[in-house]
4 protein chains.
Amino acid sequence: MDVEKLQRALDDFAEARNWSQFHNPKNLVMALSVECAELVEEFQWLTPEQAENVMAEAGQARRVREEMADITLYLLRLADRLGVDLEAACHDKMAGNAARYPVDAFYGSARKYNR
Amino acid sequence: MDVEKLQRALDDFAEARNWSQFHNPKNLVMALSVECAELVEEFQWLTPEQAENVMAEAGQARRVREEMADITLYLLRLADRLGVDLEAACHDKMAGNAARYPVDAFYGSARKYNR
Amino acid sequence: MDVEKLQRALDDFAEARNWSQFHNPKNLVMALSVECAELVEEFQWLTPEQAENVMAEAGQARRVREEMADITLYLLRLADRLGVDLEAACHDKMAGNAARYPVDAFYGSARKYNR
Amino acid sequence: MDVEKLQRALDDFAEARNWSQFHNPKNLVMALSVECAELVEEFQWLTPEQAENVMAEAGQARRVREEMADITLYLLRLADRLGVDLEAACHDKMAGNAARYPVDAFYGSARKYNR
């Protein structure tokens, strides 16, 4: 994923509409959480089995894909505003998770996973 | 960002711990929304001005970066599970946004933006 | 539920700690959403069947009850700050829902319910 | 607030539409979080000052009141399903908060509050 290209396009889009004034970190975090909830809305009444097959129905698939795009776009916008390198942050976090959850102690355990 | 490399690493991590059983789409969407709220928590009591400077304090900066990594990781995991190409979805969404929000009609307007 | 008594106690609590300065509506809405996510966290890895029995295990039951209290308290605090009568708002909303979802057209339908 | 009366009305409403099948705790928690985000949406682009005056504009005021009703209704529905007495839970939580946040140590401190 060309993160910088998407971030430049998002910045151009906001600048053209004079929307950068609204894109402070506090507001962007709220907008990110709202987009996330719009994705949750697509799944809230589905059984786990129906959720597994959510991409098999065209209307649902389109909405899920769009909400995931919205989440990605706000996440990239926020990262741009805060100067966070998401890919490096992901690698650091995964290294931390490997140390925090040793295979032997956490094998197959959702309860330990959750706590 | 090498999305596929991160997705393979996430899959290896989950498989090694037998956690893939928990990573159905319904659960992953919930986990994504929880991580998003943990980011919101970092900003909830800050003024917009304090939020602009959130990365200037080491402890806050570390937590914000970690929460953004968690969001990214669950988003990539979900995209992998659902077969969604996030980069293509982003480009499609941005094209749709350009058509939906013409510059002239939406210049500088948060109210129209929000509705 | 004695809403006014709880609201007075919340106000006294905030005033005693000089926290009312943080309790503006924008911040309270964020805090409410964070507490809601902490409740979601208790359910995210549970199967629907495990979720039905969440109150049977003492630790889970205590945490679920506490998170529901936190949600209620922030909701009451926000209502107090905005001058919203929650009980009257609920009755109005239920009357609206009865008109919006006629029994015949929506019987047993989650899809229509969701849209 | 007559919680039991509202809970009976919600149960009658769901039963009449055969919707109780969807109202398991996992789904209700998701729905609660979605309604909460719809409230966040009303505030996301507002400055703190605009947010203070959100009830002064009729359209915003109506939407905020409706979203707060939706949150309340799902919270009451979930409490009914899980057998949680919200008022008692609130009193217990407030007693715990008084012990956890002594006035002297937390006076005027958002940072300590948040951690």
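Lettering follows sequence order; numbering is per chain, from 1. Note that the structure is a prediction, hence the values are computed from the model and not measured.
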Answer with side chain, backbone, both or neither: which region of A:D2 has an atom nearer than 4.5 Å to a non-hydrogen atom of chain B?
-> both
Return the option, out of A:P25, A:C36, A:A9, A:P102, with the maximum number of heavy-atom pairs under 4.5 Å with chain B.
-> A:P25
When only pairs under 4.5 Å are counted, which of B:G96, B:C90, B:A98 shares the most heavy-atom pairs with chain A?
-> B:C90
Between B:D104, B:I71, B:V103, B:V40, which shows the greatest number of heavy-atom pairs under 4.5 Å with chain A?
-> B:V103
Would you say the side-chain atoms of B:E42 pair up with the backbone N or O of B:Q60, donor to acceptor, closer than 3.5 Å?
-> no
Top of A:T47, A:D85, A:L86 for chain B proximity - count of heavy-atom pairs under 4.5 angstrom | A:L86
If you count heavy-atom pairs under 4.5 Å with chain A, which of B:V54, B:L78, B:L76 comes out on top?
-> B:L78
Most heavy-atom pairs under 4.5 Å with chain B, out of A:G83, A:P48, A:A51, belong to A:A51
Does the side chain of B:Y74 reach to within under 4.5 Å of the side chain of B:L10, using non-hydrogen atoms?
-> no
Note: B:L32 and B:L75 closest approach over all heavy atoms is CD1-N, 4.0 Å
Is chain B contacted by the side chain of A:N27, its backbone, both, or neither, given a heavy-atom distance below 4.5 Å?
-> neither
Examine whether an atom of A:A37 lies under 4.5 Å from a heavy atom of chain B, and if so say whether it belongs to the side chain, the backbone or both; otherwise answer neither.
-> neither
Best-contacting candidate, B:K93, B:E4, B:Q21, B:E66, against chain A by heavy atom pairs under 4.5 angstrom | B:K93
CD/B:E15 to CG/B:N18 distance, rounded to the nearest 0.5 angstrom?
-> 7.5 Å
d(A:R8 CZ, A:L6 CG) to nearest 0.5 Å is 9.5 Å
Check each atom of A:A79 against the heavy atoms of chain B and say whether the ones under 4.5 Å are side chain, backbone, both or neither.
-> both
Measure across A:F106 and B:W19 and return the closest heavy-atom pair with its distance rounded to 0.1 Å.
-> O-NE1, 3.0 Å
Considering only heavy atoms and a distance below 4.5 Å, find which of B:R17, B:E52, B:K26 pairs most often with chain A.
-> B:R17
Please flag which part of A:A88 lies under 4.5 Å from any non-hydrogen atom of chain B: side chain, backbone, both or neither.
-> both
How long is the gap from CZ on A:R77 to CG on A:L82, to the nearest 0.5 Å?
-> 11.0 Å
Approximate separation, where rounding is to 0.5 Å, of A:L39 CG and A:R65 CZ | 13.5 Å
Answer yes or no: is there a donor N or O on one side and an acceptor on the other, between the side chain of B:S33 and the main chain of B:M30, under 3.5 Å?
-> yes
Between A:M68 and chain B, which part of the residue has a heavy atom less than 4.5 Å away: side chain, backbone, both or neither?
-> both
Going by atom types only, do B:R81 and B:H23 share a side-chain donor-acceptor pair under 3.5 Å?
-> no
With chain B, which of A:N24, A:V3, A:T72, A:V84 has the greatest number of heavy-atom pairs at distances under 4.5 Å?
-> A:T72
